[in-house]
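When reading the values below, keep in mind they use all heavy atoms of this one structure, side chains included, and skip hydrogens, waters and symmetry mates. Predicted, not measured: the structure shown is a model, and the values here were computed from it. We count ligands from 1, going down the list as the structure has it; atoms in each ligand are counted the same way.
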Amino acid sequence: MSTWSIPKLPTLSDLNLREKRVFMRIDVNVPIDPEEGKILDDRRIRVHAQFIRKIVDEYNPALVLGSHQGRPGSQDFTTLEQHAELLAKYSGLSVKYVDDVIGPTAIDEMRSLKPGEVLLLNNLRLASEEIIEGPPERQALTIFAKRIASAVEHYVNDAFATAHRSQPSIVGLPLLLPSAIGPVFEKEMEALSKAISASEPPRVYVLGGKKVIELLRVIETLVRNKAADRILTGGLLAQLFLLAKGVNIGQENIKVLEENGILPYVPRARYLLMRGAPIETPVDFLVKTKESKESTESSKNVYLGNISGVIMDIGEQTAKIYEDLLREAKVIVLRGPMGVIEEESYRRGTLRVLEASMQSKGFVLVAGGHLTSMMSSEWENSSKVHVSLGGNATLLFLSGEELPAIKAMELSAKMFFGW
Ligand code: 3PG
């Protein structure tokens, strides 16, 4: 059982927002189709839109919104016009968009915004300071934080999903303005606190997908705080741990790990295994093979020691083992798919893990991302399930790591409210 306490943070009712000019950091970072550049899943936008509407109805502020989308150099690093349109559609409000972040155009737009109006800035990570991590005191000195703070009266952090980033819009602004967390942030903290307080063993984490480096950090914290009884792995994360165990996963798969910058992390994974981290790895996989250049691709189930072809999903036997472990679990946290779910034929492993979780008697927390696109509305609305908007932030919070956004908000409360 985890022992840390949930901090008390200022919420909207602690700020006097009526008709004030407010900068609210949201997280509408969403999956983007790399070919078409279109938004693939707008859940985060829908949820934020609903709360933005409530805030406007209740406080009538001049509301400036800021979010990131992707990271410079990644395919999903885009501007936010589409996001503005969807925020408007789902909130029923008119949402202005400015193709600028901290330049004179954005600052003028912010200063001239009237009560009841909503403005979305362009992707905050277009400003170079926003992609550098640093302590709150240093981030409060950035031009980024100082310019935004000069144009508004209050800061609200509603970006729980970015709470693990120590960037100026997350940790710098709370030191410059009276601040509070927003409703999405508050709701997430409430649900996660429930998961923590209900945390009786076995607590099973199912971790997969491509964000391996972040997941490794999460596992390190889970192990340090003894917060997980079993960690079932899939996706590239499973392949990293198999390599760390000395298993031959085949040249094609090693190449994929190399292309994703994962190979240097093998020693860190090995160190975790040596410390007795409760990590389960697959015993078989579904692979995609091509006998010759001319032949068509086909799939087959292969066992460890016999892997040839590109790994696309966990295998039949692994799915069975994972199902059994999940049915016994009291708390289940799911993050990331087991295989390449973008292709219909490789969704089965992930679906079986989801089904077994829903059949368990435990509380199920789905931490953001691609998994939610595979959930039926019946699962989503079940009282035993919480679908979190925050992916790695959620996992780090559950694993007991102090999140920079929370620490900065505590500092802010001390500075501005004397808490
Ligand atoms: C997420 O989707 O996990 C958050 O939006 C944070 O994104 P980042 O990993 O690019 O900081």
Side-chain angles (χ1 to χ4, degrees), residues 24-34 39-49 65-80 82-83 86-87 101 120-134 139 144 157-173 181-182 184-185 187-189 192 205 207-219 221 235-237 260-262 265 333-337 365-373 387-399 401 403-406 408:
M24 183 156 87
R25 176 57 159 102
I26 56 174
D27 185 343
V28 287
N29 177 33
V30 287
I32 305 267
D33 178 345
I39 290 175
L40 291 172
D41 172 15
D42 60 12
R43 166 188 292 270
R44 281 184 175 171
I45 302 178
R46 273 186 278 130
V47 174
H48 274 294
L65 304 170
S67 174
H68 71 284
Q69 168 63 57
R71 303 172 194 173
S74 67
Q75 279 178 325
D76 60 350
F77 186 58
T78 64
T79 58
L80 299 191
Q82 286 187 79
H83 304 63
L86 289 172
L87 281 171
V101 180
L120 176 68
L121 303 180
N122 203 348
N123 190 340
L124 297 182
R125 289 185 182 168
L126 283 164
S128 55
E129 285 176 318
E130 178 65 2
I131 50 177
I132 302 170
E133 305 246 351
Q139 302 295 37
F144 179 101
N157 187 347
D158 213 14
F160 181 81
T162 323
H164 58 312
R165 301 285 176 220
S166 202
Q167 292 162 343
S169 72
I170 301 291
V171 302
L173 284 166
I181 56 167
V184 174
F185 204 120
K187 213 168 143 242
E188 287 282 0
M189 293 242 308
L192 300 185
Y205 280 68
L207 305 180
K210 290 188 191 144
K211 284 192 167 179
V212 170
I213 297 150
E214 282 90 345
L215 288 177
L216 212 51
R217 179 173 152 207
V218 168
I219 296 175
T221 318
L236 296 184
L237 183 71
N260 283 280
I262 296 168
Y265 293 87
V333 180
L334 299 147
R335 167 70 172 159
L365 196 139
V366 183
H370 290 72
L371 287 183
T372 48
S373 63
V387 179
S388 170
L389 289 186
N392 287 333
T394 298
L395 291 184
L396 287 164
F397 183 82
L398 287 176
S399 61
E401 184 159 315
L403 299 182
I406 293 181

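The shortest non-hydrogen separation linking E188 to G390 is OE2-N, 3.7 Å. The two residues N29 and S67 have their closest heavy-atom pair at N-OG, 4.0 Å.
Between the side chain of N123 and the backbone N or O of Q69 there is at least one donor-acceptor pair closer than 3.5 Å.
Scanning all protein heavy atoms for the shortest distance to atom 5 (O) of ligand 1 gives D27 OD2, 2.6 Å. Ranking protein heavy atoms by distance to atom 3 (O) of ligand 1, first place goes to K211 NZ, 3.4 Å. The protein atom (non-hydrogen) at minimum distance from atom 9 (O) of ligand 1 is R71 NH2, 2.7 Å. Looking only at heavy atoms of the protein, atom 11 (O) of ligand 1 is closest to R165 NE, 2.5 Å. Distance from atom 7 (O) of ligand 1 to its nearest protein heavy atom, with residue and atom name: H68 NE2, 3.2 Å.
Near A161, meaning under 4.0 Å from any of its heavy atoms, are these atoms of ligand 1: 4 (C), 6 (C). The atoms of ligand 1 that sit less than 4.0 Å from any heavy atom of N29 are 1 (C), 2 (O), 4 (C), 5 (O), 7 (O). The distance from ligand 1 to the heavy atoms of R44 drops below 4.0 Å at these ligand atoms: 1 (C), 2 (O), 4 (C), 5 (O). Here is the list of ligand 1 atoms found below 4.0 Å of a heavy atom in R125: 8 (P), 10 (O), 11 (O).
Inter-residue side-chain proximity for L86 and V30 is flagged as unmet; no heavy-atom pair is nearer than 4.5 Å. Side-chain contact between T394 and V333 is absent, with no heavy atoms from C-beta onward closer than 4.5 Å.
The CG atom of L389 sits 8.0 Å away from atom CG of D27, with the distance rounded to the nearest 0.5 Å.
Screening R71, R25, R125 for a salt bridge (Lys or Arg N to Asp or Glu O under 4.0 Å) with E130, the sole residue that qualifies is R25.
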